[in-house]
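Okay, structure first, notes after.
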Amino acid sequence: MQPTTPLVLYVLLSQVLLLTSAEDLDCTPGFQQKVFHIDQPAEFIEDQAILNLIFSDCKGNDKLHYEVSSPYFKVNNDGSLVALRNITAVGKTLFVHARTPHAEDMAELVIVGGKDIQGSLQDIFKFARTSPVPRQKRSIVVSPILIPENQRQPFPKDVGRVVDNDRPEGSKFRLTGKGVDQEPKGIFRINENTGSVSVTRNLDRETIATYQLFVETIDVNGKTLEGPVPLEVIVIDQNDNRPIFREGPYIGHVMEGSPTGTTVMRMTAFDADDPATDNALLRYNIRQQTPDKPSPNMFYIDPEKGDIVTVVSPALLDRETLENPKYELIIEAQDMAGQDVGLTGTATATIMIDDKNDHSPKFTKKEFQATVEEGAVGVIVNLTVEDKDDPATGAWRAAYTIINGNPGQSFEIHTNLQTNEGMLSVVKPLDYEISAFHTLLIKVENEDPLVPDVSYGPSSTATVHITVLDVNEGPVFYPDPMMVTRQENISVGSVLLTVNATDPDSLQRQTIRYSVYKDPAGWLNINPINGTVDTTAVLDRESPFVHDSVYTALFLAIDSGNPPATGTGTLLITLEDVNDNAPFIYPTVAEVCDDAKNLSVVILGASDKDLHPNTDPFKFEIHKQTVPDKVWKISKINNTHALVSLLQNLNKANYHLPIMVTDSGKPPMTNITDLRIQVCSCKNSKVDCNAAGAPHFSAAAVLLLSLFSLASL
């Protein structure tokens, strides 16, 4: 059997999009010739015409645009295909895509003797291969199918054909893969008898750029005879996506006075079209500048990089002289390398002219006046300054310093953060009698340092003249507090002291009168003329108005001014103790069982309001015992306690035992207190004191409590 020579199949690369009218029926849009064959030259020469292509859309070819699959070639407006530089190897095939708003078509240039160059088509169309798949001794012949995206109706459209010259009679073609029997299903199909491949809908390269299909031949039972052989469908990009600025808002800053050519910011847009084609080749320009003063062209944008730079002199970039330190630029990005047919997208760039500290603050006047009453504190004057720099920055904010005239640190100055004024305050009260006038020298600076060529001048200092107003000040007691020591119980009318108050208003002739302001116990009197203080009652150290032996009283000194002024003085009287309080005992009630084996009745304690040595040691005695002497006994335990006990058991009854206690004062003081003792019946752990009167604590409980009190001393 003679081997069959493979039939070379011309694959229809693209369907022509037709927009025809009645008078154009004799015109077929597209290339007049779609396939060209040329021999591979030793070298393609730059700008030398290789061949002429003739394309017509039957509408005048308005906005005709060519694309070549190799970046080393272009098609001129007259249809001539030329090389962009001297080049030897370009592959076996070139594709030329022509497009107008009314029609588009694809032409193929077969280079006889050309060699495969991996990726040469992929540079523009992202082809996976640049030539038909080698047969490798197979009879199925396939070539890549190129389909422009966004084709118009009608569908389906035949886009290519698969050939198998050795296909047995009755066998069929079968097409599989993503886009056929895999999602998205049903986009492609094959005529099982002829091998014609068709597309059923328009394609979107930005969704899927290539489809990897597989072709095989099968028998009538569906059994594979040959294959599968890969068939690649490549979607050719159309310029159907506008550039988009996705990273906004775009805000840039440039310092005022910056040199010409200073880069402010970069604007970059995104185009979803094929980045290897002019469809996504962007160029930038400034469409509008607002405001347009002092120059309508304050900035320039690099058309390729998108860098925005200043183009005016530093003198024009002066924030203080600009109408508005904020500029808004409408930036346009256009694909197709900026050609008129390219699609555009816009965004707004906001450029802020930032301030630098090139203006020093200046006082609005050289001298300021202020008045303040003596003794007063607070703000007395606001110093105003002017600064042309940006109020939102440290180049405008003022910092004030008192550089002279404040040796006593009586003044302070702070910045009002809202107005930038200097608030001069008195922090230590001034005295008219010491100085009625003060003169301060104050300087102002910025928080931020000045630029090197600017300095602080005479206008950055100012003088403040302060007049102190005389005020009728209250008299002042000296010393304050006043302190005296006296024994308590001194006789009524005793003189304690003579107070002394002076009037600070030494330049005024005024008299002073005295009065009692606070005398809690009502013990004192003061002579209103000479200030002599005497007693009107007995002073008692043990009074509740005395604390830690000290009694406190307040007096007023009132001058004769109009209105009168008042001063307050404090008198502290330390009272020495006198033995004027008799001691007392505790407890005064006790119980004891009539059959108690322990005849101890109660431990007595004694206390005295006076101070040592007018207190303990205390002397305990039974006073005028009316029962036989051998019934009761009192024994000293220590300086403050004694034990009362029975010498024999007593019948159930109430007994009164007079206890006499004497302190150690000179002369001593004595107190006699009845100790009531209940003798109770105690049987079966029950205490019955009914016959002896109302029940009280048992003797044991009283004794225990007394021992606890003794131990706590």
Query raised in the report: With no hydrogens and no angle check, do the side chains of Asn446 and Asp387 hold a donor and an acceptor under 3.5 Å apart?
Result: yes

Query raised in the report: Are side-chain N/O atoms of Thr207 and Asp204 paired as donor and acceptor at under 3.5 Å?
Result: yes

Query - Results of ring-ring contact (aromatic ring centres under 6.0 Å, His included) for Phe173 - residues two or more places apart only - result: none

Report summary line: Hits for side-chain contact (heavy atoms from CB on, under 4.5 Å) against Gln339, two or more places apart or cross-chain, chain-then-number order -> His65, Asp278, Met336, Val341

Query raised in the report: Which residue pairs pass the side-chain hydrogen bond (donor to acceptor under 3.5 Å, both in side chains) test with at least one member in residues 174-183, sequence neighbours excluded?
Result: Arg174-Glu216

Query - side-chain hydrogen bond (donor to acceptor under 3.5 Å, both in side chains) involving Ser258 - partner list, sequence neighbours excluded - result: none

Side-chain contact, heavy-atom cut-off 4.5 Å: [X] with [Y]?
{"X": "Val385", "Y": "Asn420", "value": "yes"}
{"X": "Ser198", "Y": "Asp158", "value": "yes"}
{"X": "Lys63", "Y": "Thr100", "value": "no"}

Requested in this report: Could you give me the CA-CA distance, side-chain angles and deciding distance for Asp273 and Asn241, then say whether side-chain hydrogen bond (donor to acceptor under 3.5 Å, both in side chains) is met?
Outcome: CA-CA 6 Å; Asp273 289 320; Asn241 289 277; 2.8 Å; yes

Report summary line: Here the ring pair (Phe, Tyr, Trp, His ring centres under 6.0 Å) pairs for residues 34-58, sequence neighbours left out, are Phe31-Phe55, Phe44-Phe73

Query raised in the report: Does anything in residues 297-322 pair up under ring pair (Phe, Tyr, Trp, His ring centres under 6.0 Å), and if so which pairs, sequence neighbours excluded?
Result: Phe299-Tyr327

Report task. For residues Ser80 and Asp78, report the shortest heavy-atom separation together with the two atoms involved. Result -> OG-OD1, 2.7 Å

**Report entry** Tyr66 (side chain) donor-acceptor with Leu81 (main chain) under 3.5 angstrom
**Finding:** no

Query raised in the report: Would Asp335 and Asn239 count as a side-chain hydrogen bond (donor to acceptor under 3.5 Å, both in side chains) if you check the C-alpha gap in whole Å, the side-chain angles of each, and the deciding distance to 0.1 Å?
Result: CA-CA 8 Å; Asp335 59 23; Asn239 191 19; 3.0 Å; yes

